[in-house]
Amino acid sequence: MTRSEHIDNSPGHLRPLVLVTGSTGYVGGRLWRRLESLGYRVRCLARRPETLKGRVGADTEVVSGDVLEPSTLTAALDGVECAYYMVHSMGAGDGFEKQDRQAAHNFAAAAHAAGVKRIVFLGGLADEDASLSPHLRSRHEVGRILRESGVPTIELRASIVLGSGSLSFEMIRALVERLPAMITPKWVAIEAQPIAIDDLLVYLIEALGLPAESRVYEIGGAERASYGELMREYARQRGLHRVMVPVPVLTPRLSSLWLGLVTPLYARVGKKLIESIEHPSVIGDPAAAEAFHVRPRGVKDAIALALRNEELKFAETSWFDALSSAGHRPRRAGVRFGNRLLDARSIDVDVSPSDAFTPIRRIGGDNGWYAYQFLWKLRGAFDLLFGGVGIRRGRRSPETLHVGDAVDFWRVERFEPDRLLRLRAEMKVPGRAWLEFEVEPSGGGATIHQTAIYDPKGLWGLLYWYALYPVHGPVFSGMLRGIAKRAQA
């Protein structure tokens with residue numbers, strides 16, 4: 001069966017409706033953009049559709065749904081010919097394998113019932129007969145569940161993905177840029193077959209035209225390389241001299257804490273990544289070379305392409321764009337919270353509302369929090385120690401914000417240009433927390449309202465708030481003064 005029998009590219013032909021899950025994630029967020037540019041009819045599935053508002057094209061649908069809620073999948077899959085399954089739980093805590101398994105069963109059953117003609121799944125490359133890490137084992141199990149669904153499933157098993165904003169590339173970039181000398185555990189020497197994000201996207205799109213049968217394809221770049229070799233090549237292209245000192249043993253847990261100190265990764269994600277790296281990820285079955293037209297780049301070209309995007313200051317998508325990058329949000333049903341506690345402050349500034357909002361729009365990341373930055377960093381360090389996201393994620397763009405963007409250990413929950421920004425806390429707290437900024441016209445200038453909102457969970461939540469209460473005054477008032485000073489400057 002030829003590709004032309006599956007996808008007719010002739011003028012005037014109505015392209016099939018394609019569903020993209022994981023549409024806020026690193027690969028999924030680039031995939032729907034590429035499909036749009038090629039003229040496909042695209043539907044994006046998102047737990048919070050507002051995170052894609054203003055980003056998708058006029059003809060792209062965004063539907064609300066959650067693969068862990070089967071009732072939400074029926075409408076999402078209605079009329080869909082091909083579905084990309086891009087869901088994973090790298091950021092989740094213990095029990096993620098069970099969650100992944102249930103999500104795959106839910107999606108497989110719904111896709112079969114809806115008459116979907118093809119599922120394309122992105123998994124992880126590793127020898128199936130080896131003793132795999134929980135994350136890789138789960139990736140392979142999800143692929144098997146989808147293939148057994150009765151819907152023809154193409155599973156692409158990929159090695160390290162190299163691209164600006166990718167988890168692996170951002171780790172390499174941070175280590176090489178920040179450390180003139182570094183300890184390199186044994187996992188740094190494990191062989192992989194890195195693939196450029198652009199080549200991965202071509203594989204994913206070409207999978208739409210393969211024969212309608214379930215197959216596993218192993219994909220990677222043109223050559224093999226370890227993380228150590230990737231770091232050396234990155235350093236060469238950046239003109240940096242770096243010393244690497246190998247050590248015989250450094251557990252994934254210790255490695256993940258070390259990574260959390262100097263990279264955007266945090267302990268939970270870092271541990272899963274390192275556990276996966278400890279297994280070679282090289283192509284054993286060359287079938288993809290026959291089935292696909294892709295001629296993937298080598299390491300040198302993949303890193304050069306990623307660096308060109310780095311020069312733009314921010315990537316098209318980043319690994320922490322995914323809402324699950326901070327771990328699955330806990331189910332709140334049946335959890336009793338106390339009355340909300342507030343710290344509300346206001347200040348008048350002699351500038352327009354737009355100018356008053358500018359430093360708010362730029363908050364976090366390299367711009368910091370405008371006062372007592374060392375305390376914000378200290379809070380981030382404690383968060384890392386207790387398995388939280390820490391403060392090193394920064395932000396995707398120094399100038400623009402969208403709902404769903406990560407800002408250090410916060411997530412943008414609501415954003416109205418020149419008027420309102422509400423951030424939801426993703427650091428470890430015994431309760432729920434938000435930080436809100438609102439700007440309104442006032443006379444010939446503007447008033448900035450800043451409100452910290454905390455919803456304590458039980459006694460520990462109250463103790464947490466009041467233990468930090470002496471610090472809140474200088475930190476919150478200093479932040480508001482700093483915002484006003486920047487606005488008037």
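The chain is numbered in sequence order, starting from 1.
No side-chain heavy atom of V188 sits less than 4.5 Å from a side-chain heavy atom of P246. Within the 4.5 Å cutoff, no side-chain heavy atoms of Y217 are placed close to those of Y203. Looking at Y26 and I197, their side chains come closer than 4.5 Å, going by heavy atoms from C-beta outward.
Listed by chain and number, the residues in a salt bridge (Lys or Arg N to Asp or Glu O under 4.0 Å) with R238 are E177 (sequence neighbours excluded). Take A225 and apply the side chain to side chain contact (heavy atoms under 4.5 Å, CB included) test, not counting sequence neighbours, and it matches P194, E229, L230, V299. Taking E36 as the reference, nothing meets the salt bridge (Lys or Arg N to Asp or Glu O under 4.0 Å) condition, with sequence neighbours excluded. Legend: residues meeting salt bridge (Lys or Arg N to Asp or Glu O under 4.0 Å) with R101, ordered by chain and number and at least two apart, are E141. Taking the ring-ring contact (aromatic ring centres under 6.0 Å, His included) definition, one finds that Y84 meets it with nothing, sequence neighbours left out. Qualifying salt bridge (Lys or Arg N to Asp or Glu O under 4.0 Å) partners for R157, counting only residues two or more places apart in sequence or in other chains: E128, E155. For V245, the side chain to side chain contact (heavy atoms under 4.5 Å, CB included) partners are V243, not counting sequence neighbours. Taking S281 as the reference, L125, S159, A192 meet the side chain to side chain contact (heavy atoms under 4.5 Å, CB included) condition, with sequence neighbours excluded. Residues satisfying the side chain to side chain donor-acceptor pair (under 3.5 Å) test with T153, not counting sequence neighbours, are none. Residues satisfying the side chain to side chain donor-acceptor pair (under 3.5 Å) test with E223, not counting sequence neighbours, are none. In this structure, the side chain to side chain contact (heavy atoms under 4.5 Å, CB included) partners of R137, at least two apart in sequence or on a different chain, are E97, L132, P134. With sequence neighbours excluded, the residues that form a side chain to side chain donor-acceptor pair (under 3.5 Å) with E233 are R236, Q237.
The line from CE of M244 to CZ of R242 is 10.0 Å long, rounded to the nearest 0.5 Å. Rounded to the nearest 0.5 angstrom, Q193 CD and E218 CD are separated by 9.0 Å. For the atom pair CG (L19) and CH2 (W32), the distance works out to 14.0 Å, reported to the nearest 0.5 Å.
Under the 4.0 Å criterion applied to side-chain N and carboxylate O atoms, R361 and E399 are assigned as salt-bridge partners. Checked for salt-bridge contact, E426 and R424 meet the test: a charged N lies under 4.0 Å from a carboxylate O.
Closest of all the heavy-atom pairs between V142 and Y85 is CG1-CE2, 3.8 Å. Nearest heavy-atom pair, G165 versus F169, reported as atom, atom and distance to 0.1 Å: N-CD2, 4.5 Å. The minimum heavy-atom distance linking A158 with L200 is given by the pair CB-CD1, 4.4 Å. Between E81 and V116, the closest heavy-atom pair is O-CG1, 3.6 Å.
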Does the pair D408 and W376 meet the rule for a side chain to side chain donor-acceptor pair (under 3.5 Å), with working shown? CA-CA 10 Å; D408 293 335; W376 289 96; over 6 Å; no
Worked check of side chain to side chain contact (heavy atoms under 4.5 Å, CB included) between T72 and L45: CA-CA 10 Å; T72 67; L45 179 74; 5.7 Å; no
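Between the side chain of S37 and the backbone N or O of R34, at least one donor-acceptor pair lies under 3.5 Å.
Counting heavy-atom neighbours within 6.0 Å of D59 CG, excluding the residue itself, gives a total of 12 or less.
The side-chain contact (heavy atoms from CB on, under 4.5 Å) test with D405 is passed by exactly one of T51, V412, T24, T400: V412.
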